[in-house]
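Computed from a predicted model, the values in this text were never measured in an experiment. To find a chain, count down the sequence lines: A is the first, B the second, and so on, and within it residues start at 1. Heavy atoms only: backbone and side chains are in, while hydrogens, waters and symmetry mates are out.
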Protein chains: 2
Amino acid sequence: MSNAERVEELKRRFSARSGRLTRQRAAILEVLAEHSHQHLTADEIHGKVRDLEPSVGLATVYRTLDLLVEMGLVSKISFGEDAYRYELASTREHQHHHLVCLRCNRVEEVRADLLHRLEEMVEKTYGFSVTDHRLQFFGICRHCRGE
Amino acid sequence: MSNAERVEELKRRFSARSGRLTRQRAAILEVLAEHSHQHLTADEIHGKVRDLEPSVGLATVYRTLDLLVEMGLVSKISFGEDAYRYELASTREHQHHHLVCLRCNRVEEVRADLLHRLEEMVEKTYGFSVTDHRLQFFGICRHCRGE
DNA sequence: TTATCTGCAAATTGTTTGCAATTAT
DNA sequence: ATAATTGCAAACAATTTGCAGATAA
């Protein structure tokens, strides 16, 4: 799927849930699609959105991100920093997890799904109906170890 | 291990790492031990500490928590809310994960360690040396489902 | 047309910091 | 004795909110 297609798909999904597709919202979706593997902060998104639509305010970015999270199109993640980071939920769909390096703070992704079994166990043992999960590993990355 | 013993152990570990054991720090350790399964916010800890030592300031609570996190005695966790939550690291030692209910916001604990295999995979495949991990499941809890 | 959305600035909230007074060692 | 620690108030940073004007449907 090309990036343009991905953006169209997102816009369609957005409109379908009765959201008004404004210039600013479209720009935000485009930035998210463009950087779908980067876990951007609201402020970073704001900066990139301004390259497309210079007048967009930070408050609008926050409001739109809240909306997208509520719609389930975007995930809001904390890596233990000061600010939250956001990414397209579609990126999460096929399970991926995060490696957070405690030395350089870079975040790498792991593509692997070994949690099905654990989820089943959780559903059975705790009566808890799982809709999403988040797995983060903390440690020292390849690059930092090499030094 | 009784709670009093646990507190003594903590104080000993704290002093061993060249920390001055002040009244306020002792009170904070006691509160953490007393509520070792509750994931309190700094503000909640502050409230409970004041029952023991009424004059302790919120800034001191933050400074002490930072210190304890740095020493590895305490873990700082985000559940995607506004504020961070803290818990004794000893609680985490024997692996446990969190079930976050999206309806009532309660957090339950899962005691199970099925991540060894994943950690090994991560170390081998990504050259990433894992020192800690964090696993959260989001969904609807038993109580909320029952209604 | 009109209910929704926006930008701006002001307000809020969680957390951090400077500093003079206090206290554990 | 003295260097570390404290409480307070002020500073900060991320996020939210009120409102008058703009705009997608």
* Asked: Is it true that the NZ or CZ of A:K76 lies under 6.0 Å from the centre of A:Y84's six-membered ring and within 45 degrees of the ring axis?
  -> yes

If you compare every side-chain N and O of [X] against the phosphate oxygens of [N] (OP1, OP2), does one of them come in below 4.0 Å?
X: A:T60; N: C:dG7; result: yes
X: B:T22; N: D:dA4; result: no
X: B:R25; N: D:dT6; result: yes

* Under 3.5 Å, is there an N or O donor on one side and an acceptor on the other linking the side chain of A:R63 and the base of D:dG18? ->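 Checked by distance alone, the answer is yes.
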
d([atom1], [X]; [atom2], [N]) in whole Å:
X: A:R20; N: C:dT2; atom1: CZ; atom2: C1'; value: 8 Å
X: A:L65; N: C:dT6; atom1: CG; atom2: P; value: 12 Å
X: B:L58; N: C:dG14; atom1: CG; atom2: C1'; value: 9 Å
X: A:E53; N: D:dT23; atom1: CD; atom2: P; value: 11 Å
X: B:D82; N: C:dA11; atom1: CG; atom2: P; value: 21 Å
X: B:L40; N: C:dG14; atom1: CG; atom2: C1'; value: 16 Å
X: A:R17; N: D:dA24; atom1: CZ; atom2: P; value: 22 Å
X: A:E81; N: D:dT15; atom1: CD; atom2: C1'; value: 16 Å

Counting only side-chain heavy atoms from C-beta out, which of [options] sits nearest to [X]?
X: A:V56; options: C:dG7, C:dT15, C:dC8; value: C:dG7
X: B:L21; options: D:dT16, C:dT25, C:dT6; value: C:dT25
X: A:Y62; options: C:dA9, D:dT15, C:dA3; value: D:dT15

* Reckon A:T41 touches a base, only the sugar-phosphate, or nothing at all at heavy-atom distances under 4.0 Å? -> nothing

* Reckon B:D43 touches a base, only the sugar-phosphate, or nothing at all at heavy-atom distances under 4.0 Å? -> nothing

* Asked: Which residue lies toward the 5' end of DNA chain C, B:Y84 or B:G19, if each is placed at its nearest nucleotide?
  ->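 Result: B:Y84.
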
* To do: Nearest-nucleotide wise, let me know which of A:A59 and A:L67 is further upstream toward the 5' end of DNA chain C.
  =>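 With A:L67 and A:A59 compared, the 5'-side residue is A:L67.
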
* Are B:V7 and B:L68 connected in a single hydrophobic cluster, I mean Ile/Leu/Val/Met/Phe/Trp/Tyr linked by side-chain heavy atoms less than 4.5 Å apart? ->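 They do not share one cluster, since no chain of ILVMFWY contacts under 4.5 Å joins B:L68 to B:V7.
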
* Asked: More 5' along DNA chain D: B:Q24 or A:Q24, using each one's nearest nucleotide?
  ->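 Looking at the nearest nucleotide for each, B:Q24 comes out on the 5' side.
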
* Is it true that a side-chain atom of A:T125 and a backbone atom of A:M121 form a donor plus acceptor pair closer than 3.5 Å? -> yes

* Donor-acceptor contact present, side-chain A:R25 to main-chain A:R20, <3.5 Å -> yes

* Asked: Where does the angle between the aromatic ring planes of A:H98 and A:F79 fall among parallel (under 30°), tilted (30 to 60°) and perpendicular (over 60°)?
  -> perpendicular

